[in-house]
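Written out below as structure tokens is the structure these notes cover.
Here, residue 1 is the first one in the sequence, and each next residue gets the next number.
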Amino acid sequence: MVLIILTKFLLILYFHYTHFMEERLVENKDWIILLLGSIFILLAIVRAKFPRRFREFILLPITNKYFSIEGRSNEVTHPFSVLLFLVQALSFSLFICLLIPIFEVSLENSPMLFLQVFTGYTGLVLTKFYVEKLIAHIVNIEKVVQEYLYEKLSYLNLISIVLFITNLIFYFVYLPNTATLLIILLFFVFLYAIALLSSIKKNTPLILQNFFYFILYLCALEFAPYIILYKLVV
């Protein structure tokens, strides 16, 4: 059933791409179809292999049942989390490729640019994750940071599914202008901020016990890397 739905999806996407968006065919974008199809396959695998966990995960904006039942073990290396992280890396990288020409007009969207962005994004996230784990171990707040990191990863994975749909629209239905891209970017930043605040609120008792170290952690590893990255890009 999943394969039938996937086949129909790819066929519809392909014909829409070839027949109705000819004015946008300045370059070969088959690689984008391949990437979006890969994301769809990953989501189908996750949905088929972990139906209950996926159902609770999708309901995260409504209820935190996922964290209290399915995600209580905080297993970042669980296959469910790993597969969704791949979805996250692919979706975010595709969206970043749309944003880059805003800051660097000389760069064009291409497979090479995507590969560079994907490698950079994945490397940054994984490096940041393990550095955070190491520092949490050093200052003895592993339990607080472990739960915080797991919840943050889960929210980012959920946002990436929305971003997947956004990429479908922007790459094959509607060509966004700079204002639209910036508005969408701010919207996703807003969603991410809400997710972080929700996670912090949920773990308030643990955070208050280690308040000073947690504030240092936030400033040094949550906000500083993005500020530095922004300065480098702009």
Ile96 and Phe114: CA distance, side-chain angles, deciding distance, side chain to side chain contact (heavy atoms under 4.5 Å, CB included) verdict: CA-CA 9 Å; Ile96 292 172; Phe114 171 82; over 6 Å; no
I'd like to know if [Y] and [X] are part of one continuous hydrophobic network [Ile/Leu/Val/Met/Phe/Trp/Tyr, side-chain heavy atoms within less than 4.5 Å].
X: Leu186; Y: Leu197; result: no
X: Tyr174; Y: Leu99; result: yes
X: Trp31; Y: Leu113; result: yes
X: Val173; Y: Ile183; result: no
X: Val82; Y: Leu153; result: no

Testing the basics here: between [X] and [Y], what is the closest heavy-atom pair and its distance to 0.1 Å?
X: Cys97; Y: Pro101; answer: O-CD, 3.2 Å
X: Ser91; Y: Leu163; answer: O-CD2, 3.7 Å
X: Phe57; Y: Leu158; answer: CZ-N, 3.4 Å
X: Gly123; Y: Thr127; answer: O-OG1, 2.7 Å
X: Ala89; Y: Phe118; answer: CB-CE1, 3.5 Å
X: Ile184; Y: Thr166; answer: CG2-CG2, 4.2 Å

CA sep, side-chain torsions, deciding dist, call: Ile41, Ser38, side chain to side chain contact (heavy atoms under 4.5 Å, CB included): CA-CA 5 Å; Ile41 291 173; Ser38 298; 5.5 Å; no
Mind checking whether [X] and [Y] have side chains closer than 4.5 Å, heavy atoms only?
X: Phe188; Y: Val162; result: yes
X: Leu43; Y: Val87; result: yes
X: Lys152; Y: Tyr192; result: yes
X: Phe85; Y: Thr122; result: yes

What distance do [X] atom [atom1] and [Y] atom [atom2] have between them, rounded to the nearest 0.5 Å?
X: Thr180; Y: Leu185; atom1: OG1; atom2: CG; value: 12.5 Å
X: Leu60; Y: Glu151; atom1: CG; atom2: CD; value: 9.0 Å
X: Arg47; Y: Leu83; atom1: CZ; atom2: CG; value: 14.5 Å
X: Leu84; Y: Ile161; atom1: CG; atom2: CD1; value: 6.0 Å
X: Phe164; Y: Leu42; atom1: CZ; atom2: CG; value: 10.0 Å
X: Ile45; Y: Phe54; atom1: CD1; atom2: CZ; value: 12.0 Å

Pair Lys128 + Glu132, salt bridge at N-O below 4.0 Å: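 Answer for the salt bridge query: yes.
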Co-members of Leu59 in a cluster of I, L, V, M, F, W and Y side chains, linked at under 4.5 Å: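 Reading the cluster by chain and number, Leu59 sits alongside Ile62.
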Transitive ILVMFWY cluster of Ile194, excluding itself - 4.5 Å side-chain cut-off: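 So far as hydrophobic clustering goes, Ile194 is joined with Phe190.
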Aromatic ring pairing Phe92/Tyr121, orientation class (parallel under 30°, perpendicular over 60°, tilted between):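 Taking Tyr121 first and then Phe92, their aromatic rings lie parallel (interplane angle under 30°).
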Parallel, tilted or perpendicular: ring planes of Phe80 versus Tyr66, cut at 30 and 60 degrees: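 Rings of Phe80 and Tyr66: tilted, 30 to 60°.
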Candidate pair Leu94 and Phe170, rule side chain to side chain contact (heavy atoms under 4.5 Å, CB included), full reasoning: CA-CA 10 Å; Leu94 280 170; Phe170 283 171; over 6 Å; no
Verdict with reasoning, Asn167 to Phe172, per side chain to side chain contact (heavy atoms under 4.5 Å, CB included): CA-CA 8 Å; Asn167 286 329; Phe172 297 105; over 6 Å; no
Residue list, side-chain hydrogen bond (donor to acceptor under 3.5 Å, both in side chains) with Lys133, at least two apart or on another chain: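 Lys133 satisfies side-chain hydrogen bond (donor to acceptor under 3.5 Å, both in side chains) with Gln146 once adjacent residues are dropped.
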Test item: side-chain donor near acceptor, Ser160 and Asn157, under 3.5 Å: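 No, because no side-chain N or O of Ser160 sits under 3.5 Å from a partner of the opposite role on Asn157.
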